[in-house]
Structure formats: C-alpha cells, structure tokens
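Report on the following structure.
The figures that follow rest on heavy atoms only: side chains count, while hydrogens, waters and symmetry mates do not. The model shown is predicted, which means the values in this text are computed figures rather than measured ones.
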Amino acid sequence: MENRINPYMPRPYKLLSLKKETAIDWTFTFECHEPLIGGQFMELSLPGVGEAPISISDFDDRSMDMTIRQVGKVTDQLFRLTAGDTVFMRGPYGNGFDLGLFNHKKVLVVAGGTGLAPIKNTIQKLSQGGCEELELLVGFKTKEDRLFVDQLEAWSKAFRVRVTIDKEEEGWTGLTGLIPSHLATCQLDRVDERTAIVVGPPIMMKFTTLELLRQGFKQENIYV
C-alpha cells in the first residue's frame, strides 16, 4: 500500500532560521519535504502550551516558511525558539490556490496586512508565468507594518505593485488610504473578463469584494 502521511497526526519539524519582518511579525523557516500548495496552512502545536493554525507563506522542496505575528500564548512561546529547536505540526490543511485557474488570465491580487503572507507563494508562482497579466494592491496599517519589503521591491520590477498605508505618516511618500478607495484608480479595462484574488481581514475582504463587483468583476471570478 502507498505510504501516505496522516494529516491528523502531529509530526516534528526542525526550525532552520528566523527572520524579523516587523516588530511583531517574524518569518520562521522549517525543514519540510512534503508537497504543499500555496494558500494552505498547518496546525502548529507546542506541548504543554497549545495549538494554533498558521498559514504557509512560502515553500520549496526542502523547507517551509511561516510568517507569524506574536499575538497570544502559543505565539509568545514560539517567539522564544531558536534555530535547531523542534515543534510539532499537523496538516497541511486547506485546498490552496489552483494555479491552473489563472492560466492566460489577467489577475488582480488584493491583500490586506498579514493577508499578504498566505498569498506570497501564489504571487511568486504567478509572476513566473501562466497568467497573462498580474497586478498587486496591498495595504498595511502603517509603514512599520509592511511585510516582505524587499520582496515587494523585487516584484515591482516585474509587474505593477501598489502599496498603501491607512493614514499619512512622516517619511512616507507612497499611497495612503484604505484598499477599496484605491481600487477605483486601478484603471483596468474589460473587468468582466478579469480575475481577482482577495486575502485579508474579513471586513477588508467584504468591502473590497463589494467594490470589485461594483466595478464589473464577475462574482465567479473573485477568489477570497
């Protein structure tokens, strides 16, 4: 019989490295040789502490990244780990994003805050080919909350990337305002044939989707 991984059985994962993204967001890189799909997540557990669902922000055939915000008991303990430590996880869970759905399509990706993390790998794959056109609109509360700053800069050289923060700040020369307010300025043609991916807090996804529908996007072409 085929030796299949039981997604409900916690397994040990070695922590390879940590990278600071913001004051409270760090990317943890774990050793991983399992097949993954962009958009999936794992249930991460620390014995004696608890368990939490964590999105996979990037991966290859040897490792898996998780960009994690320090917001509670489990993540507080997780942030005390160092390279070489082991944690337990089960999964992966979730259907992930079927990249075939976006072949030869004009794709608009809209991400809010930490919502950029679970879509990061999918954006990277789309930027490498498959879709006809790619555009990213991402919003953060403040300039200090921006994730993957270097990656955003690299992406901006390959396709259109717009970054906005909620309010004006000293030293910030980019866009300001909430994401829906900028959708009207995307100047997209033939929106009824375009596809949108929306990832972020529920309230952001709600008003972003409503704006996309108002502009003429078809409901079946919006993935959240």
Side-chain angles (χ1 to χ4, degrees), residues 1-22 24-102 107 109-128 130 136 138 147-148 151 196-202 204-205 222-224:
M1 294 181 63
E2 181 182 358
N3 184 21
R4 298 181 63 87
I5 295 173
N6 182 352
Y8 301 104
M9 181 65 69
R11 301 178 300 282
Y13 289 81
K14 181 180 178 181
L15 177 60
L16 299 177
S17 63
L18 303 89
K19 178 185 177 183
K20 182 178 181 180
E21 304 286 353
T22 73
I24 58 173
D25 300 289
W26 288 68
T27 293
F28 293 70
T29 299
F30 295 94
E31 185 175 27
C32 180
H33 303 279
E34 299 162 17
L36 301 170
I37 300 172
Q40 290 183 309
F41 69 97
M42 304 285 281
E43 284 284 350
L44 186 152
S45 60
L46 297 173
V49 181
E51 186 177 59
I54 305 293
S55 296
I56 299 167
S57 54
D58 208 352
F59 59 88
D60 56 27
D61 57 359
R62 300 178 302 276
S63 64
M64 166 181 65
D65 289 351
M66 292 179 164
T67 302
I68 303 171
R69 173 162 289 184
Q70 189 174 9
V71 291
K73 182 174 66 173
V74 175
T75 54
D76 282 348
Q77 187 65 34
L78 187 66
F79 271 59
R80 296 188 178 99
L81 300 180
T82 59
D85 288 341
T86 297
V87 302
F88 288 86
M89 289 185 259
R90 54 188 176 91
Y93 299 120
N95 295 323
F97 289 96
D98 180 358
L99 295 177
L101 294 172
F102 310 109
V107 181
V109 179
V110 187
T114 54
L116 182 59
I119 199 68
K120 179 175 182 279
N121 178 268
T122 299
I123 295 172
Q124 184 64 20
K125 293 288 179 59
L126 290 174
S127 72
Q128 294 170 350
L136 171 64
V138 56
L147 294 176
F148 316 129
Q151 183 67 76
I197 301 173
V198 183
V199 186
M204 167 264 175
M205 290 194 291
I222 302 175
Y223 296 83
V224 296

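A search for side chain to side chain donor-acceptor pair (under 3.5 Å) contacts involving Arg62 returns nothing, not counting sequence neighbours. Thr114 is linked by a side chain to side chain donor-acceptor pair (under 3.5 Å) to nothing, counting only residues two or more places apart in sequence or in another chain. Residues passing the side chain to side chain donor-acceptor pair (under 3.5 Å) test with Asp98, sequence neighbours excluded: none. With sequence neighbours excluded, no residue forms a ring-ring contact (aromatic ring centres under 6.0 Å, His included) with Phe148. The ring-ring contact (aromatic ring centres under 6.0 Å, His included) test applied to Tyr13 returns no partner, not counting sequence neighbours. Remark: Leu16 pairs with Lys14, Thr29, Glu31, Ser63 by the side chain to side chain contact (heavy atoms under 4.5 Å, CB included) rule, at least two apart or across chains. Residues satisfying the side chain to side chain contact (heavy atoms under 4.5 Å, CB included) test with Asp58, not counting sequence neighbours, are Asp65, Lys120, Asn121. Met204 pairs by the side chain to side chain contact (heavy atoms under 4.5 Å, CB included) definition with Val110, Ile179, Val198, Pro201, Thr208, not counting sequence neighbours. With sequence neighbours excluded, no residue forms a side chain to side chain donor-acceptor pair (under 3.5 Å) with Thr75.
Rounded to the nearest 0.5 Å, atoms CD1 (Ile119) and NZ (Lys125) are 11.5 Å apart. In this structure, the separation between CH2 on Trp26 and NZ on Lys20 is 6.0 Å, given to the nearest 0.5 Å. Annotation: the span from Ile37 atom CD1 to Leu99 atom CG amounts to 9.0 Å, rounded to 0.5 Å. Expressed to the nearest 0.5 Å, how far CG of Leu147 lies from OG1 of Thr27 amounts to 7.5 Å.
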Practice task
Any chance you could lay out the side-chain contact (heavy atoms from CB on, under 4.5 Å) test for Val87 and Leu15, step after step, and finish with the verdict?
Solution key: CA-CA 7 Å; Val87 302; Leu15 177 60; 5.9 Å; no

Problem - Full working for side-chain contact (heavy atoms from CB on, under 4.5 Å) between Asp61 and His33 - result: CA-CA 5 Å; Asp61 57 359; His33 303 279; over 6 Å; no

Exercise for the section: Dump the intermediate steps for side-chain contact (heavy atoms from CB on, under 4.5 Å) on Met64 and Glu34, then the final yes or no. Expected result: CA-CA 9 Å; Met64 166 181 65; Glu34 299 162 17; over 6 Å; no

Practice task
Would you please test Met66 and Phe30 for side-chain contact (heavy atoms from CB on, under 4.5 Å) and show each step?
Solution key: CA-CA 8 Å; Met66 292 179 164; Phe30 295 94; 4.0 Å; yes

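Ring pair Phe97/Phe102 is tilted by interplanar angle, where 30° to 60° counts as tilted.
Within the structure, ring-ring contact (aromatic ring centres under 6.0 Å, His included) contacts touching residues 47-69 (residues at least two apart or in different chains) do not occur.
At distances below 3.5 Å, at least one donor-acceptor pair connects side-chain atoms of Gln40 with backbone N or O atoms of Gly94. Proximity of a side-chain donor or acceptor of Asp25 to a complementary backbone N or O of Thr22 within less than 3.5 Å is not detected. Side-chain atoms of Gln77 never come within 3.5 Å of backbone atoms of Val74 as a donor-acceptor pair (strictly under, hydrogens ignored).
With a 4.5 Å cut-off on side-chain heavy atoms, Leu116 and Ile123 count as touching.
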Can you give each donor-acceptor pair under 3.5 Å made by side-chain atoms of residues 41-55, sequence neighbours left out, with the distance rounded to 0.1 Å?
unit_1	atom_1	unit_2	atom_2	d
Ser45	OG	Phe88	O	3.3
Glu51	OE1	Arg90	NH2	2.9
Glu51	OE2	Arg90	NE	2.9
Glu51	OE2	Arg90	NH2	3.4

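Taking every heavy atom of both residues into account, Thr122 and Gly39 meet most closely at OG1-N, 4.4 Å. Shortest non-hydrogen contact noted between Val199 and Gly115 is CG1-O, 3.2 Å. Nearest heavy-atom pair across Leu78 and Phe28 is O-CE2, 3.6 Å.
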